2 protein chains.
Amino acid sequence: MSQYVAQQSSLCQKCSMSAMCIEKACDSKVNVKVRSHKIFHKSDALFRDGERFDAIYILRSGSVKSSLLSGTGQEQITGFYFPGDLLGLDGFEKGAHSQTLKFLETSSVCRIAFSELDAAMANSQSIRYNLLQGMSQALNDDDKFLLNAHCMNASQKFASFILNLSNKFESRGLSSHNFDLSMSRVDIANYLGMAVETVSRQLTQLQKDHIIEVNKRNISIVDFSRLQDCLNDEKAMSKHFIPLMSKGFTSQVSASH
Amino acid sequence: MSQYVAQQSSLCQKCSMSAMCIEKACDSKVNVKVRSHKIFHKSDALFRDGERFDAIYILRSGSVKSSLLSGTGQEQITGFYFPGDLLGLDGFEKGAHSQTLKFLETSSVCRIAFSELDAAMANSQSIRYNLLQGMSQALNDDDKFLLNAHCMNASQKFASFILNLSNKFESRGLSSHNFDLSMSRVDIANYLGMAVETVSRQLTQLQKDHIIEVNKRNISIVDFSRLQDCLNDEKAMSKHFIPLMSKGFTSQVSASH
DNA sequence: CGTTCATTTGAACATGCTCAATTCCTGTGG
DNA sequence: CCACAGGAATTGAGCATGTTCAAATGAACG
């Protein structure tokens, strides 16, 4: 606890929980002390599976991966997180964390003790909204990812992965067409549910097609529209297809034929 | 709105939001009116993708599936829900639903308007805890499912699916070894990310092995332990394997060799 | 430099998908 | 009550995607 140093910075302006922080605290009923920040380094764990849950965190800079352990000791990466993202939401269920969060690079987080969070929720509607919104978004992201996992082939999944990263960086004010991957190929493969070799082949192929340029962990997107096209790759379209309008609308469909 | 009939029943005792209801309301600061209930039938939609979000729901009886649409119009089932489960949590993100919820059989739900929920959260710690807990659980369930989707082969995924259902039914006071599937084979296949034919073959195989008995949509689990064993099926164990202790512990591993 | 880890590449193989045909249900109308 | 139609489920056979295994190359760090 004491290792967290109280401070306030410009990074906080983008924070999803900024309503809790001191500037805002003046013009609302919220009466919460300033958050405390801490720096972590690559491979450090913010928390591990099983640890007691007593705070949520907001990532201020850097990046993190979250992972679960299967019964057989396999690691499954469940997500990558970037500045502004809420961390530790898994802990509400049991009062203990079910995931492990490891930093991919030097990063800083903002810690909000659960007791403070709860008090803030009681007092501030905007805090309630922000938290529910954040959790709902995490839930929706997971479900979208599931859709991808089941409906897409390797090249679609990979294109989707790159485009998602591009979007995330753009929404954080960074370049959408040139960025560094903070995670290894093994991490990407694990996250996407494919072999490392397949990830490598996807990179090679996209580069051969002049859609992206790869330099170690640096990615340049050369041709956005063709990368988008990868998502609609013909092959996987018919998989598990369920017609939307199962009854009474066949005439429309066949009419447009 | 008016179609929801206010009432209170014994089903509410198992409800995760029961703290909001009238009995409890007396002995706390919560001042919320009784919830309203409504009956739906098979194939009815509770809400659809894009509809305005103005309430969450608790399933009181029956079952539901949630689904997303891919860009190409494919449906991807993201979950099945049973009595006591919270529905509509996807709506907090954008104030509109991103999923579609369809009933698999005649069911009833309890509706909690968002405005009421918010007021209750302001007043009651237990409401805050229950909601955060419910959302956290949904998040964790999603992540566990993802782990399964990526690390398991078809027979493991299917065994896991059956065992999960068994657990859910048991925790709701129903039989864990004999139950009816309220969803079609197509739905199961879509959910698990495999072809209908594969689902069918899994059922056939498990029956041939005398692990389960299948009668249309009725499932009897004959041999629980062998069904559990399916989860540890040798083949898929090495897939995407990441050793847990990457550095400094190799001696232990090789010593046990 | 030499060791170790990360990444790439190639070739064979296996799991699960596709396609096609059949059987089994359910509900409907004669 | 039976015949029939449409959907749901099952089964078989060939094939494709992506995995596994093996080896080589490249980068990083002491």
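Not measured: the values here are computed from a predicted model.
- For the pair A/M152 CE and D/dA16 C1', the interatomic distance rounds to 20 Å; values are reported in whole Å.
- The side-chain contact (heavy atoms from CB on, under 4.5 Å) test with B/D142 is passed by exactly one of A/T78, A/D143, A/D141, A/N140: A/D143.
- The nucleotide whose nearest atom lies closest to any side-chain atom of B/R185 is, among D/dT11, C/dT7, D/dA9, D/dA9.
- Going from atom CG of A/N153 over to atom P of C/dG16 covers 17 Å, rounded to whole Å.
- For B/T198, no side-chain nitrogen or oxygen approaches OP1 or OP2 of C/dT15 to under 4.0 Å.
- One interatomic measurement links the two molecules: NE2 of A/H150 to C1' of D/dT17, which rounds to 16 Å at whole-angstrom precision.
- Atoms CD (A/Q205) and P (D/dG18) sit 12 Å apart, rounded to a whole Å.
- For the pairing with B/D85, the salt bridge (charged side-chain N to carboxylate O under 4.0 Å, His left out) check across B/K168, B/R172, B/R60 returns one residue only, B/R172.
- The nearest whole Å value for the distance from the CE atom in A/M194 to the C1' atom in C/dG16 is 18 Å.
- Here salt bridge (Lys or Arg N to Asp or Glu O under 4.0 Å) pairs that include residues 200-225 of chain A, with residues two or more places apart or in two chains, are A/D223-A/R226.
- With DNA chain C read from its 5' end, the first of the two nearest nucleotides for A/K208 and B/A154 is the one closest to A/K208.
- Counting only distance, with no hydrogens or angles, the side chain of A/S175 and the backbone of A/H177 share a donor-acceptor pair below 3.5 Å.
- Not counting sequence neighbours, the partners of A/S63 by the side-chain hydrogen bond (donor to acceptor under 3.5 Å, both in side chains) test are A/E105, A/S182.
- Under 4.0 angstrom from either OP1 or OP2 of D/dA9 there lies at least one side-chain N or O belonging to B/R217.
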Protein-nucleotides 21-28 of chain C N/O pairs closer than 3.5 Å?
| residue | atom | partner | partner atom | Å |
| --- | --- | --- | --- | --- |
| C/dT26 | OP1 | B/K216 | NZ | 3.3 |

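- As a whole-Å value, the separation of A/N215 CG from D/dA28 P is 11 Å.
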Criterion ring-ring contact (aromatic ring centres under 6.0 Å, His included) on B/F47 and B/F53, from CA distance to verdict: CA-CA 9 Å; B/F47 53 77; B/F53 165 74; 8.3 Å; no
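- To the nearest angstrom, C1' of D/dT19 lies 15 Å from CG of A/L192.
- Residue B/L203 is the one, among B/L203 and A/E197, whose nearest nucleotide of DNA chain D lies closer to the 5' end (criterion: closest heavy atom).
- Looking at A/Q99 and A/D90, their side chains never bring a donor and an acceptor atom within 3.5 Å of each other.
- Computed from coordinates, the A/F158 CZ to D/dT17 P distance equals 19 Å when rounded to whole Å.
- Applying the 4.0 Å criterion to OP1 and OP2 of C/dT8, one finds that A/R201 has every side-chain N and O outside that range.
- At the heavy-atom level, B/S184 lies under 4.0 Å from the strands shown only through sugar-phosphate atoms.
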